[in-house]
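First listed ligand is number 1; within each ligand, the first listed atom is number 1.
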Amino acid sequence: MAKNKVEQTGDLEQSLPPQEELFQINGVILKKNVRDIWDQIWNFQAKPDDLLIASYPKAGTTWTQEIVDLIQNNGDVEKSRRAPIYLRQAFLEWARMSNSGIDQANAMPSPRTLKTHLPVQLLPPSFWEKKCKIIYVARNAKDTVVSYYHFQRMNEELPDPGSWDEYFETFLAGKVLWGSWYDHVKGWWRKKDSHPILYLFYEDMVKDLKREIRKVMEFLGKNLKEEVLDKIVCNTSFDVMKKNPWTNYTTDTKMNHSISPFMRKGVTGDWKNQFTEAQNKQFNEHYEKNMAETSLSFCVEL
Ligand code: A3P
């Protein structure tokens, strides 16, 4: 897509409080500081041996990143503890002060592992041209919205979510950062038919982590012994990752874990503690309409 096809609409900016620092691109809300580097993001030059981990926020991205890193390091835990996860794998559309995910990615030696939350239509075209392998992880919408709400409460770089009732409506309207959950999961689901994409589900990882790790290993063309796989299972459990400073984001000064920890609950079905009955009914109706024409289905309780 040429630069001139990227539409930036002024309407949304005007309707948002200025401190929220947002803009939208083709209907997808992103942080305003990303607008300044959008050309660099769009023109990012992927390499054929890049691996991309893509997801909607709160789908289990960090979990997948740590699994991938441990597989790449043949289960060597010390090697994976060389740096926080966000320094090991660059986050493409991220910028803080003069640091950007693009600069970080460009400085990384190959083979690189990169992260994005971009919806499929906004992914830099070079990933398709270079036929890069992509792992996409998806999580059911109900647990995603709850996790996202608590994340926006604790992360000072993201907009204040307001009350839960307000946020619930904002999410349903797709007016959250990185856009509509529906468009995201469906867009990537369709793309996997024409591109090497391993499409994972958070709920499958909760159910049978070893099976899902094996899938990732095979996708990466690796062959690890059973005991190495068991070690990776152990080191990517919720409890171990919650204690691990390289995966729990306690090294990120913009996150206030006393409001809500990044590694919060790590379960399927927590939405039941947050949704009212009326919200559940409303959500189900909205969901049915928006998911009517896809073969994609999610599990909301185990
Ligand atoms: P909760 O807020 O529901 O606890 P992301 O990395 O995409 O931001 O996703 C964060 C969510 O994944 C959080 O969900 C977090 O607890 C959960 N998570 C991270 N590591 C996990 C693990 N090893 N097992 C289960 N859930 C994990």
Side-chain angles (χ1 to χ4, degrees), residues 52-71 77 80 84-94 101 113-119 135-155 157-158 161 164 167 171 176-179 181 184-185 188 199-213 216 231-252 254-257 259-275 298-302:
L52 182 68
I53 298 173
S55 62
Y56 190 78
K58 311 322 286 175
T61 326
T62 315
W63 195 4
T64 308
Q65 289 179 268
E66 183 69 353
I67 289 169
V68 164
D69 196 62
L70 277 163
I71 292 174
V77 175
S80 287
I85 194 75
Y86 50 84
L87 294 182
R88 285 181 263 155
Q89 301 168 354
F91 184 4
L92 279 186
E93 68 282 10
W94 193 250
T113 301
L114 309 166
K115 159 187 161 179
T116 187
H117 287 320
L118 289 171
I135 299 176
Y136 184 82
V137 57
R139 186 182 195 182
N140 81 75
K142 291 181 177 180
D143 283 321
T144 298
V145 60
V146 174
S147 180
Y148 211 170
Y149 170 65
H150 292 292
F151 186 57
Q152 286 195 213
R153 289 173 53 234
M154 63 83 79
N155 189 335
E157 290 192 299
L158 301 183
W164 161 248
Y167 190 74
F171 183 88
V176 288
L177 279 166
W178 287 284
W181 176 90
H184 212 283
V185 296
W188 282 96
Y199 200 106
L200 300 174
F201 293 91
Y202 179 95
E203 294 75 21
D204 287 344
M205 289 158 71
V206 172
K207 246 187 285 180
D208 189 342
L209 183 54
K210 189 167 177 185
R211 183 190 59 201
E212 299 308 301
I213 291 176
V216 176
K231 195 173 163 193
I232 297 175
V233 170
C234 173
N235 282 287
T236 54
S237 70
F238 180 79
D239 292 340
V240 172
M241 281 185 58
K242 188 176 171 72
K243 283 191 207 111
N244 179 356
W246 306 127
T247 53
N248 66 15
Y249 277 89
T250 51
T251 51
D252 187 325
K254 304 287 182 189
M255 296 190 191
N256 185 341
H257 297 261
I259 295 177
S260 177
F262 176 82
M263 296 290 297
R264 197 181 56 91
K265 291 198 178 173
V267 297
T268 294
D270 182 48
W271 60 271
K272 291 181 187 167
N273 299 313
Q274 190 82 43
F275 280 45
F298 285 86
C299 150
V300 293
E301 55 188 309
L302 294 176

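N256 meets the side chain to side chain donor-acceptor pair (under 3.5 Å) test with S258; sequence neighbours excluded. Every residue two or more places apart in sequence or in another chain was checked for a side chain to side chain donor-acceptor pair (under 3.5 Å) with W94, and none qualifies. Scanning for ring-ring contact (aromatic ring centres under 6.0 Å, His included) contacts around F201 gives Y199, F298, with sequence neighbours left out.
For M241 against N235, the heavy-atom pair with the smallest separation is CG-O, 3.8 Å.
Taking the six-membered ring where the residue is Trp, the centroids of W63 and Y202 are separated by under 6.0 Å. The aromatic ring centres of Y86 and Y249 sit less than 6.0 Å apart.
The 4.0 Å heavy-atom shell around ligand 1 contains residues K58, A59, G60, T61, T62, W63, R139, S147, Y202, T236, S237, F238, M241, F262, M263, R264, K265, G266, ordered by chain and number.
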